[in-house]
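Written out below as structure tokens is the structure these notes cover.
Side-chain atoms are counted along with the backbone in the values below, which use heavy atoms only and exclude waters and symmetry mates.
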Amino acid sequence: MIRHLARFRYELRKFLRFSEQAARDAGLTPQQHQLLLGVAGFTGRGWATISELAEFLQERHNAVVGLVDRARRRGLVTKDLDVRDRRLVRVTLTPTGRKLLHRLSALHRRELRRFQARAGAFARTAGPGRKRSDRRAAQRPQPLTK
């Protein structure tokens, strides 16, 4: 079990490293990419509040305010006061932000398919219905590839 968790964590870290580098290659910081993803998809509305983005990003509210302000200055997002509740700020993607997110999402879909294939292999070999001898055979050391 520990070997499977370690292998899964290794594959997860490789995916995250890919994601960070893809964002940088697109001219964004990894945090800006995650912000765009949260704005577009976290709530299902196509926009999000600062509090919702703080939850999505697992960051403090004031840190997200700064991230949103920097993204707004770069032309990636807009901030608008909610017409019904002026205490709420709606963050939405600009056409530039949407275009960058769609490009990065296409890259991530391809990488995610590879990740799922590798991670799925670990899940199948660690299944609770397998006999111990079957699991041992499936756990034979595999070379780690980059």
Side-chain angles (χ1 to χ4, degrees), residues 1-80 82 88-146:
M1 175 72 166
I2 291 174
R3 176 170 166 70
H4 294 291
L5 290 174
R7 295 287 301 212
F8 176 77
R9 182 65 178 95
Y10 169 71
E11 293 298 336
L12 181 60
R13 186 63 209 135
K14 282 181 18 181
F15 178 79
L16 293 173
R17 182 63 47 104
F18 160 83
S19 180
E20 293 163 357
Q21 190 57 52
R24 288 185 188 100
D25 291 347
L28 299 174
T29 67
Q31 295 80 11
Q32 288 170 332
H33 172 231
Q34 292 301 305
L35 174 69
L36 298 181
L37 192 59
V39 169
F42 184 56
T43 65
R45 297 184 306 247
W47 61 271
T49 66
I50 299 291
S51 294
E52 290 166 338
L53 292 169
E55 174 63 23
F56 176 74
L57 297 167
Q58 292 293 291
E59 290 288 348
R60 292 181 326 275
H61 187 275
N62 63 329
V64 175
V65 169
L67 179 62
V68 168
D69 286 342
R70 289 187 298 277
R72 185 185 51 76
R73 285 193 298 270
R74 289 207 48 208
L76 303 172
V77 299
T78 61
K79 286 173 46 175
D80 299 299
D82 187 283
L88 293 179
V89 175
R90 289 182 177 213
V91 181
T92 57
L93 296 183
T94 64
T96 300
R98 195 173 354 278
K99 181 180 173 183
L100 282 168
L101 180 60
H102 284 294
R103 193 169 84 210
L104 283 166
S105 294
L107 292 171
H108 280 74
R109 271 191 297 276
R110 287 192 294 275
E111 185 64 20
L112 189 55
R113 281 189 211 107
R114 288 191 283 271
F115 171 78
Q116 287 172 326
R118 293 187 304 258
F122 303 136
R124 285 188 298 278
T125 61
R130 288 180 167 249
K131 294 179 188 174
R132 183 181 294 251
S133 60
D134 291 342
R135 283 194 299 258
R136 272 194 220 120
Q139 291 175 355
R140 286 199 176 85
Q142 304 282 326
L144 297 179
T145 58
K146 288 202 172 193

Compare all side-chain heavy atoms of [X] with those of [Y] and state whether any distance is below 4.5 angstrom.
X	Y	answer
Leu5	Arg9	no
Ser19	Gln34	yes
Phe42	Leu37	no
Arg70	Gln31	no
Phe18	Leu107	yes
Leu28	Leu76	yes

Where is the tightest heavy-atom contact between [X] and [Y], given as atom of each residue plus distance?
X	Y	answer
Gly38	Ala48	O-CB, 4.3 Å
Leu36	Leu101	O-CD2, 3.6 Å
Val39	Leu53	N-CD2, 3.6 Å
Val64	Ala54	CG2-CA, 3.6 Å
Ala23	Pro30	CB-CA, 4.0 Å
Leu100	Ala26	CD2-O, 3.7 Å

Checklist entry - Would you call the rings of Phe15 and His108 parallel, tilted or perpendicular, where under 30° means parallel and over 60° means perpendicular? => result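 Correct class here is perpendicular.
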
Next on the checklist: Would you say that more than 12 heavy atoms from the other residues, nucleotides or ligands in this model lie under 6.0 Å from the NZ of Lys79, or not?
Outcome noted: yes

Checklist entry - Is any side-chain N of the basic residue among Asp80 and Arg90 closer than 4.0 Å to the acidic one's carboxylate O? => result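 No, Asp80 and Arg90 are not salt-bridged.
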
Next on the checklist: Check this for me: does any side-chain nitrogen of one of Glu20 and Arg13 sit under 4.0 Å from a carboxylate oxygen of the other?
Outcome noted: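 Judged by the 4.0 Å cut-off on N to carboxylate O distance, Glu20 and Arg13 do form a salt bridge.
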
Checklist entry - Out of Leu88, Val68, Leu67, Asn62, which one pairs with Ile50 under the side-chain contact (heavy atoms from CB on, under 4.5 Å) rule? => result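 So the option named by the test is Val68.
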
Starting at [atom1] of [X], measure out to [atom2] of [Y] and round the result to the nearest 0.5 Å.
X	Y	atom1	atom2	value
Glu55	Thr49	CD	OG1	10.5 Å
Leu35	Arg72	CG	CZ	12.5 Å
Leu104	Arg109	CG	CZ	11.0 Å

Checklist entry - For residues Thr94 and Thr78, is any side-chain donor paired with an opposing acceptor at under 3.5 Å? => result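 Thr94 vs Thr78: no donor-acceptor pair found between side chains.
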
